Enquirer: 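Dropping a structure here in structure tokens format, bear with me for questions.
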Amino acid sequence: MLNFENKIFEDNLNKNRILLNKFKSEHKIKFIPPEYLLEIFPNEQIMNFYKNKNNKRWGNIIDFSELSKLNQPLKDDVLTSLLKIYYAIGGFSENQGESEKAHNFLLNFVLKNLSHLTIEEKGQFIIDKFSGINLSGEYNREFANFFMKYYKDNSDFMKFALKDKNDNELPTMDYLCDVHNRFDKILQLYPYRTISGNKNRETLTPEFLAKHSRFVKYENVDVGNENLAQFIGEYSFSQNDFDKIQFLYNYAKSIKYKSVIKADSVLDENNEISFRVLEKDDPLGFVIGDITNCCQSINDVGESCVRDGFMNPNSCFIVFEQNVTNNVSNSEMKRIVGQAFVWYDPETRTVCLDNIEIPNKILKELHEGDKNNSQFSTNAFIEIIKQCSFSLIKKMNESGTRVERVTTGEGYNKLINELKKNFKKEKNPKSQNRSSAVSDARSAQFIIANYKDVTTQIAKTILSSANNIINNIEFIKNNQQYNYMQR
């Protein structure tokens, strides 16, 4: 074991030992568990060992498995590996129901399936299968559900013959431990995939998780693109994919000053949703399709949109975000709730949000918000689309690019019912993306806003401001006259 790994385990062991010795001296606990457990049990979770009879269930597992009959040091290695998977599926949860569920699963679908093996073979299987799991913090319930869903039918469900970053065939490997150790990160990168998704793009399948279980470090990274490589590597793109991405990124940087699509973000206190136009050199544009579970990704059906968004001065990406509170740090953060590939047609002076991609999970939340009259609802989304469209017309005209209207495509648009209620539909529209990118707006578009709407709104705003100024001046004059008369 490497020195820094030794240091981690030693620190955890010492922290747990000190804490439990203190509690034992204060008669809060009756005994201290073996050192193999203190070494790997996350310090901030150690008291869960004693809650709701968790320790007794663990003792029952040891007795049932008969693994304590093994000789040292093999015994501790085997029990450590068994404890890792038991912890990972909720065996030491504060919730007694979750702990009992993990206990029953380990007995019935892990240990009983090994009953035909000798005790040494059983121990070696457990080490080979689970020893690579790293424990930190609270167990991940989504991983626990994932493991229980697949393991009961096939203990080798995470064995795959994948390819490395250079597309070379790798030998068959079991990715279970790698997936566990990166599970939190994968959920962060792909927030709208679940283990029970209805469609392949929404589902955390074993193969998808295996392919995304490791950070990829790239070769031939150009100077200045180190952050790009770090960002893309988290999404486990291959070296070949990164080479494509880096080419597009370098080109995008060279034409950034030519980009015509512009809009100022709008602060609306009555709406949790906001929008922003991504800069040409924002790496987020390469992965927003992956985040929103759509085909807009390198090596997928919508790759042409990715290429166009970075290489065409008349195209870009817009993201829609919601302000949320991070429960861990209690700080405000933004989560992406939708996005659009956007293009400008100079012939018809039209900006088109080709399609507004929204994950199904978010769509359900939006519809629920409609029922509760929430600031996060389809109505709020439609309102922010309007504000975005007005801002595009205003900003682009101010910047010298003539825009007459803003539209959005009808094809596969998940807000189709709301769009039909709020906007006029134009069939066989003259405005088109003049590039070769895949489009959902060729057959029909909804007209969100036009130049006349914007100028009328601006005029009303100016008139309202002028009236306020006049009223304030009158108030000041009257107040001055009153003060003069009181002297």
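What you see is a predicted model; the values in this text were computed from it and never measured.
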Enquirer: What residues, two or more places apart in sequence or in another chain, satisfy ring pair (Phe, Tyr, Trp, His ring centres under 6.0 Å) together with Phe215?
Expert: none
Enquirer: Tell me, please, which residues at least two apart from Glu142 pass side-chain hydrogen bond (donor to acceptor under 3.5 Å, both in side chains).
Expert: none
Enquirer: Does anything in residues 97-117 form a side chain to side chain donor-acceptor pair (under 3.5 Å)? List the pairs, not counting sequence neighbours.
Expert: Asn54-Ser99, Arg57-Ser99, Asn60-His103, Ser93-Glu98, Gln96-Glu100, Glu98-Tyr139, Glu98-Arg141, Asn108-Lys112
Enquirer: Could you check whether any side-chain N or O of Gln124 sits under 3.5 Å from a backbone N or O of Glu120, counting only pairs where one atom can act as donor and the other as acceptor?
Expert: no
Enquirer: Pairs in or reaching into residues 238-267: which pass ring pair (Phe, Tyr, Trp, His ring centres under 6.0 Å), with residues at least two apart or in two chains?
Expert: Tyr218-Phe242
Enquirer: Quick one: ring pair (Phe, Tyr, Trp, His ring centres under 6.0 Å) pairs with a partner in residues 281-315, sequence neighbours left out?
Expert: Phe286-Phe310, Phe310-Phe317
Enquirer: Where the side chain of Asp440 meets the backbone of Gly409, is there a donor-acceptor pair that is under 3.5 Å apart?
Expert: no
Enquirer: Filter on salt bridge (Lys or Arg N to Asp or Glu O under 4.0 Å), then keep only pairs touching residues 236-255, sequence neighbours left out; what's left?
Expert: Lys244-Glu303
Enquirer: Mind checking whether Phe130 and Tyr151 have parallel, tilted or perpendicular rings, split at 30° and 60°?
Expert: tilted
Enquirer: Can you name the side-chain hydrogen bond (donor to acceptor under 3.5 Å, both in side chains) partners of Tyr86, sequence neighbours left out?
Expert: none
Enquirer: Got a list of side-chain donor-acceptor pairs under 3.5 Å for residues 183-192, not counting sequence neighbours?
Expert:
| residue | atom | partner | partner atom | Å |
| --- | --- | --- | --- | --- |
| Asp184 | OD1 | Asn140 | ND2 | 2.5 |
| Tyr190 | OH | His212 | NE2 | 3.3 |
| Tyr192 | OH | Ile336 | O | 2.5 |

Enquirer: Asn154: which residues meet the side-chain contact (heavy atoms from CB on, under 4.5 Å) condition with it, sequence neighbours left out?
Expert: Asp156, Phe157
Enquirer: Of all residues at least two apart in sequence or in a different chain, which pass the side-chain hydrogen bond (donor to acceptor under 3.5 Å, both in side chains) check with Glu321?
Expert: Arg276
Enquirer: Only counting residues at least two apart or in another chain, list the ones meeting side-chain hydrogen bond (donor to acceptor under 3.5 Å, both in side chains) with Tyr175.
Expert: none
Enquirer: Can you tell me which residue pairs pass the salt bridge (Lys or Arg N to Asp or Glu O under 4.0 Å) test with a partner in residues 289-301, sequence neighbours excluded?
Expert: Arg201-Asp300
